[in-house]
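These notes concern the structure reproduced below.
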Amino acid sequence: MKNVKLGVNIDHIATLRNARGEKNPDTVEAARVVYTSGGDMVVMHLRQDRRHIQDSDVERVRHEVKGLIHLEMAATPEMEKIALRVRPDSVCLVPEGPKELTTQGGMKLDKKAPELEKIIKNLSKAGIEVSVFTDPEPGAIRAAHNMGADAIELCTSKYSEAWGKKLQAKELERLQLAGYLVKELEMELHAGHGLDYYNVVPVARIEGMDCLNIGFSIISRGVFVGLKSAVAEMKRLIQ
Ligand code: PXP
C-alpha cells in the first residue's frame, strides 16, 4: 500500500471558536498541530454563508503557517476571486446548498457547465491544483476530466452511511470501480466525507488512492483524546 496523504479538515475548530465569538480555539494553532502530527495538508471549507471558516482563517493559515492548504469551495465567481487572491495549493469544487448541515453528495455534472469549466481553467492557470467532488459515477468523473480537473475527490458519504456489511461492500466496490476510472484518466484520486476510525481502512486501500480528506471524526476524537489532559492540567493549577 503506498503512502496515502491525509488532509485534515479544521472547519469544526472554527465552529467551536464561533460558538463563543472568541479567538480560541485558533485555526492557526490547529493547522500547526495538523502539520506537526503527520497531517499532509490543512483543509478548510469556506462556505458562502461563512458558518464556520471565515476569510480571515484562510488568510491567516496561508500566511502564518508553512504547509499545504486545500480549500473546499462552491464554484462561484466570489469564491474563485478569493482563491486567486489567497492561492491555496489546491482547491476542491463542491456543491453547496443553503440549508444543508454538511455537503450532500458530489457535483451533478450531467449537463454542460461552462461556468464551472471556466473556473477550473482559471484556477489551473494560476497554478492551483483543482479537484472536483463527485459521487462514484463514471459520467460525473468523465465530465470533470473533460473540463480540465486534475483530480477527483470521490464522495464517500454513501459508503460511510451504509448499514451492514453487504451494503458497505457494495458501496466500497462502487468506490473501487470509480477509482479505476480516475486512474485510467490519469487523474489524482482523492476521497472523503464521513470517514472515521472504523470505516477508513478499506477506502485507504483502494488501488491508486492518493489522498483522504477527513474532518469531523478527527476533530470529534480530538476532544476526547485531549479532554483528559485538559481536565488534569486545570486540576493541577488550582491545587
Ligand atoms: N471532502 C469534502 C469535499 C467535504 O465537503 C467535506 C466536509 O467539509 C469533507 C471531505 C470532510 O468530511 P468529514 O468532516 O465528514 O470528514
Side-chain angles (χ1 to χ4, degrees), residues 4-16 18 27 30-31 34 39-54 57-58 61 68-76 79 83 88-109 116 119-120 123 128-137 140-141 144 149-162 171 175 178-179 182 187-204 206 209-223:
V4 179
K5 293 199 172 69
L6 174 63
V8 181
N9 182 312
I10 60 168
D11 291 355
H12 296 299
I13 296 288
T15 303
L16 191 56
N18 296 351
T27 47
V34 168
D40 296 287
M41 82 194 173
V42 165
V43 183
M44 287 170 280
H45 186 167
L46 185 65
R47 297 189 71 103
Q48 292 170 93
D49 63 10
R50 306 300 198 274
R51 76 171 71 142
H52 37 57
I53 292 291
Q54 307 295 304
D57 291 310
V58 184
V61 173
L68 296 178
I69 292 180
H70 180 71
L71 185 66
E72 292 171 356
M73 58 180 225
T76 65
M79 290 297 153
D89 300 276
S90 50
V91 153
C92 182
L93 298 170
V94 300
E96 224 177 75
K99 293 228 171 85
E100 67 191 14
L101 283 178
T102 183
T103 315
Q104 301 294 310
M107 297 276 259
K108 301 287 168 260
L109 299 175
L116 174 64
I119 290 177
I120 293 175
L123 295 172
I128 300 170
E129 185 191 293
V130 184
S131 63
V132 174
F133 191 53
T134 76
D135 292 319
E137 284 166 8
I141 294 166
D150 305 291
I152 294 290
E153 179 171 335
L154 293 176
C155 176
T156 50
S157 313
K158 285 230 168 83
Y159 162 79
S160 305
E161 289 159 8
E171 290 301 332
L175 292 167
V182 173
M187 301 172 88
E188 283 246 335
L189 176 61
H190 305 174
H193 210 273
L195 295 176
D196 62 26
Y197 294 82
Y198 302 98
N199 64 22
V200 73
V201 172
V203 179
I206 289 175
M209 185 57 69
D210 294 299
C211 179
L212 297 180
N213 293 324
I214 307 178
F216 196 71
S217 65
I218 296 180
I219 304 303
S220 306
R221 180 148 173 79
V223 171

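One-based numbering, in listed order, for ligands and for the atoms of each. Being a predicted model, the structure only gives us computed values, none of them experimental.
Counting protein heavy atoms only, atom 16 (O) of ligand 1 is closest to Gly215 N, 2.8 Å. Considering only non-hydrogen protein atoms, atom 1 (N) of ligand 1 sits nearest to Glu153 OE2, 2.5 Å. Scanning all protein heavy atoms for the shortest distance to atom 15 (O) of ligand 1 gives Gly194 N, 2.8 Å. Of all protein heavy atoms, the one closest to atom 5 (O) of ligand 1 is Thr103 OG1, 2.8 Å. Atom 12 (O) of ligand 1 has its closest protein heavy atom at His193 CA, 3.5 Å. Of all protein heavy atoms, the one lying nearest to atom 2 (C) of ligand 1 is Glu72 OE2, 3.2 Å.
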Distance-only check: which donor-acceptor pairs under 3.5 Å involve side-chain atoms of residues 152-159, not counting sequence neighbours?
residue: Glu153; atom: OE1; partner: Asn213; partner atom: ND2; Å: 2.9
residue: Thr156; atom: OG1; partner: Gly192; partner atom: O; Å: 2.9
residue: Thr156; atom: OG1; partner: His193; partner atom: N; Å: 3.2
residue: Thr156; atom: OG1; partner: His193; partner atom: O; Å: 2.6
residue: Ser157; atom: OG; partner: His193; partner atom: ND1; Å: 3.2
residue: Tyr159; atom: OH; partner: Asn199; partner atom: O; Å: 2.7

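Here the closest heavy-atom approach between residue Leu116 and residue Leu93 is recorded as CD1-CD1, 3.7 Å.
Residue contact check: Asn213 has heavy atoms under 4.0 Å from atoms 10 (C), 11 (C) of ligand 1. Residue contact check: Asn9 has heavy atoms under 4.0 Å from atoms 8 (O) of ligand 1.
Using modelled atom types, one finds a donor on one side chain and an acceptor on the other under 3.5 Å when comparing Asp57 with Thr27. Using modelled atom types and a 3.5 Å distance limit, the side chains of Glu96 and His45 yield a donor-acceptor pair. Ser90 and His70 share a donor-acceptor pair across their side chains, judged by distance under 3.5 Å alone.
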Next on the checklist: Assess the residue pair Glu188 and His190 against the criterion (side chain to side chain donor-acceptor pair (under 3.5 Å)); give the C-alpha distance rounded to whole Å, side-chain angles, the decisive distance to 0.1 Å, and a yes or no.
Outcome noted: CA-CA 7 Å; Glu188 283 246 335; His190 305 174; 3.1 Å; yes
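Considering both main-chain and side-chain atoms, Val94 never comes within under 3.5 Å of ligand 1 through any nitrogen or oxygen pair.
Taking the charged nitrogens against the carboxylate oxygens, Arg47 and Asp11 have no contact shorter than 4.0 Å, which rules out a salt bridge.
Residue-level proximity to ligand 1 for Phe216 is carried by backbone and side chain together, each with a heavy atom below 4.0 angstrom.
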